[in-house]
Each structure stands twice: as structure tokens, then as C-alpha cells.
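A short write-up of the structure that comes next.
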Amino acid sequence: MVIQNDGKIAICGFFSKVDGVDVPHIARLNPDGSLDASFQTAFMTPDNFYQEFRKNRRVPVAKLSKPAATNYATTVARTVPETILITLMKIEANGAMIQFTGAANHQYVLQARDSLSNTNWKTISTNKTTSNGIGIFRDASAGQNPMRFYRIATP
């Protein structure tokens with residue numbers, strides 16, 4: 001998600017429609033949350049965008065290993081990816097609000113950076129999801145940045 005100076009919000013993710021309009025994986029919303037029909041993605045196709053930034057869509061959340069008492073010759077550690085679904089993003093009087101669905105009763109962090117070339121993510125907020133997996137983050141400093149990129153991770 002990118003919040004622009006004019007309050008419009010560019011979004012990307014695993015979606016194909018916004019307000020019933022086909023916009024596979026990338027779109028821009030007006031400050032009221034409606035689709036900005038004037039937004040065109042000639043600078044990058046949705047497939048190119050997905051290929052470039054898909055690594056930020058999954059977060060390593062746990063390491064599993066086979067117990068030593070099993071018949072396995074070696075213990076194998078692997079990372080299990082978790083998909084986190086952003087269900088609502090909006091600008092409020094006090095900044096940006098991001099609602100998401102993840103694992104139930106799990107702690108997540110919201111991180112941000114001001115450009116795609118910057119590799120340093122700044123932790124903005126930490127929150128625990130409810131028993132049904134719903135969580136909310138708020139970024140009070142969203143309006144102080146001309147551009148903002150977000151990711152949700154585990155601490």
C-alpha cells in the first residue's frame with residue numbers, strides 16, 4: 001500500500017476486482033475508499049509487479065523440525081509461510097488504518113519504508129489478532145510521508 005500526497009492509496013495484492021471492476025493485483029483508491037478509475041498501470045503490468053514484490057507477501061512464521069526419535073535419518077528444519085490477508089485500508093484523521101486477517105491470537109508487527117530502494121523497514125506498530133484472526137494496525141505518521149510502503153511480519 002502506498003499513501004500518496006493527495007490522499008489516494010495505491011494497493012497491490014492477491015485480488016482481482018475492486019468495487020466490481022477488474023483490476024488484477026494493482027489499483028488506486030480515492031481517499032473515500034472508492035476505486036480511482038483514472039489510474040493506469042502502464043509503467044508496470046500486474047504480473048511484473050507480482051514478480052518483483054511477491055517476496056514481501058509471505059512471512060516466515062515458524063520453524064518446524066522432525067523429532068530425533070523418529071525414523072528420519074536427519075532432522076529437517078523448514079520455514080512455513082503464512083498468508084496474511086489485508087481486508088481494509090483507509091486514511092483516518094489521525095493517520096492510516098490497516099485491518100488484516102492472520103493466525104488467531106498471534107502477534108504481528110506493521111513495518112514501513114518510504115521507498116522501494118530503501119531496504120530498511122521501520123517497525124510502526126505491534127498488535128495481537130483476536131481469536132478469529134482479525135487485527136488492526138494504525139500508522140499515525142502516514143500523512144508525514146509522501147509515499148509509504150507497508151508489510152506485516154512476525155516479531
Side-chain angles (χ1 to χ4, degrees), residues 1-19 21-36 39-64 77-155:
M1 163 173 108
V2 177
I3 301 173
Q4 300 176 319
N5 286 338
D6 61 0
K8 292 185 178 184
I9 306 166
I11 60 173
C12 70
F14 291 111
F15 58 86
S16 59
K17 293 183 183 229
V18 173
D19 287 343
V21 177
D22 289 331
V23 287
H25 308 293
I26 187 167
R28 185 169 63 189
L29 306 177
N30 294 308
D32 67 358
S34 64
L35 180 65
D36 178 359
F39 181 70
Q40 301 297 315
T41 59
F43 60 93
M44 183 181 286
T45 67
D47 288 337
N48 289 344
F49 191 91
Y50 172 75
Q51 291 300 320
E52 182 68 23
F53 302 109
R54 69 181 173 183
K55 60 185 172 273
N56 292 329
R57 294 182 180 196
R58 293 191 178 267
V59 177
V61 294
K63 289 190 176 180
L64 301 178
R78 63 184 173 93
T79 301
V80 178
E82 176 185 344
T83 299
I84 299 167
L85 177 65
I86 295 175
T87 56
L88 178 67
M89 294 184 295
K90 67 179 181 177
I91 300 296
E92 298 178 327
N94 58 347
M97 188 277 287
I98 299 113
Q99 181 178 312
F100 67 98
T101 302
N105 300 309
H106 191 80
Q107 186 142 346
Y108 293 96
V109 295
L110 176 68
Q111 295 181 320
R113 63 185 187 190
D114 58 0
S115 77
L116 291 176
S117 61
N118 180 355
T119 59
N120 297 322
W121 289 95
K122 178 183 175 189
T123 298
I124 304 299
S125 178
T126 302
N127 201 351
K128 186 175 182 181
T129 56
T130 61
S131 61
N132 60 358
I134 295 172
I136 294 176
F137 286 117
R138 287 192 164 72
D139 180 6
S141 61
Q144 301 167 6
N145 300 280
M147 191 175 290
R148 197 79 150 158
F149 296 90
Y150 292 106
R151 75 176 180 182
I152 298 173
T154 57

For Ile11 and Met89, which heavy atoms make the closest approach, and how far apart are they?
CG2-CE, 2.8 Å
Qualifying residues under side-chain hydrogen bond (donor to acceptor under 3.5 Å, both in side chains), relative to Thr101, sequence neighbours excluded
none
Of all residues at least two apart in sequence or in a different chain, which pass the side chain to side chain contact (heavy atoms under 4.5 Å, CB included) check with Asn5?
Pro146
Below 4.5 Å, heavy atoms only, C-beta onward: do Phe39 and Leu29 meet side chain to side chain?
no
Working to the nearest 0.5 angstrom, can you tell me the gap between Leu35 CG and Lys17 NZ?
12.0 Å
For Ala104, side chain to side chain contact (heavy atoms under 4.5 Å, CB included) partners two or more places apart:
none
Is there side-chain contact between Asn105 and Lys128, with heavy atoms separated by less than 4.5 Å?
yes
Can you tell me which residue pairs pass the salt bridge (Lys or Arg N to Asp or Glu O under 4.0 Å) test with a partner in residues 4-16, sequence neighbours excluded?
Lys8-Asp36
Once side-chain hydrogen bond (donor to acceptor under 3.5 Å, both in side chains) is applied, do any residues pair with Asp32, and if so which ones, sequence neighbours excluded?
Ser34
Determine whether Tyr108 and Thr154 satisfy the following criterion, side-chain contact (heavy atoms from CB on, under 4.5 Å), listing intermediate values before the conclusion.
CA-CA 5 Å; Tyr108 293 96; Thr154 57; 4.0 Å; yes
Going by salt bridge (Lys or Arg N to Asp or Glu O under 4.0 Å), name the residues that satisfy it together with Lys122, two or more places apart in sequence or in a different chain.
none
In this structure, CD1 of Ile9 is separated from CD of Gln4 (nearest 0.5 Å) by 9.0 Å
How far does CZ of Arg151 sit from CD1 of Ile98, to the nearest 0.5 angstrom?
14.0 Å
Would you check if Ile152 and Ile86 make a side-chain contact, meaning some heavy-atom pair closer than 4.5 Å?
yes
Here the gap from Asn120 atom CG to Arg113 atom CZ, rounded to the nearest 0.5 Å, amounts to 8.5 Å
Would you compute the distance between atom OG1 of Thr126 and atom CD of Gln111 and round it to the nearest 0.5 angstrom?
9.0 Å
Side-chain touch Val2/Phe149, heavy atoms, less than 4.5 angstrom:
yes
Here the pair of heavy atoms bringing Ala27 nearest to Val18 is CB-CG2, 4.3 Å
Any side-chain heavy atom of Phe100 within less than 4.5 Å of one from Leu85?
no
Tell me which donor-acceptor pairs under 3.5 Å the side chains of residues 134-143 have, and how far apart each pair is, sequence neighbours excluded?
from   : atom 1 : to     : atom 2 : distance (Å)
Arg138 : NE     : Glu92  : OE1    : 3.2
Asp139 : OD1    : Ser141 : N      : 3.0
Asp139 : OD1    : Ser141 : OG     : 2.8
Asp139 : OD1    : Ala142 : N      : 3.4
Asp139 : OD1    : Arg148 : NH2    : 3.3
Asp139 : OD2    : Arg148 : NE     : 3.0
Asp139 : OD2    : Arg148 : NH2    : 3.1
Asp139 : OD2    : Tyr150 : OH     : 2.5
Ser141 : OG     : Arg148 : NH2    : 2.9

For the residue pair Ala96 and Ile3, what are the closest heavy atoms and their distance?
CB-CD1, 3.4 Å
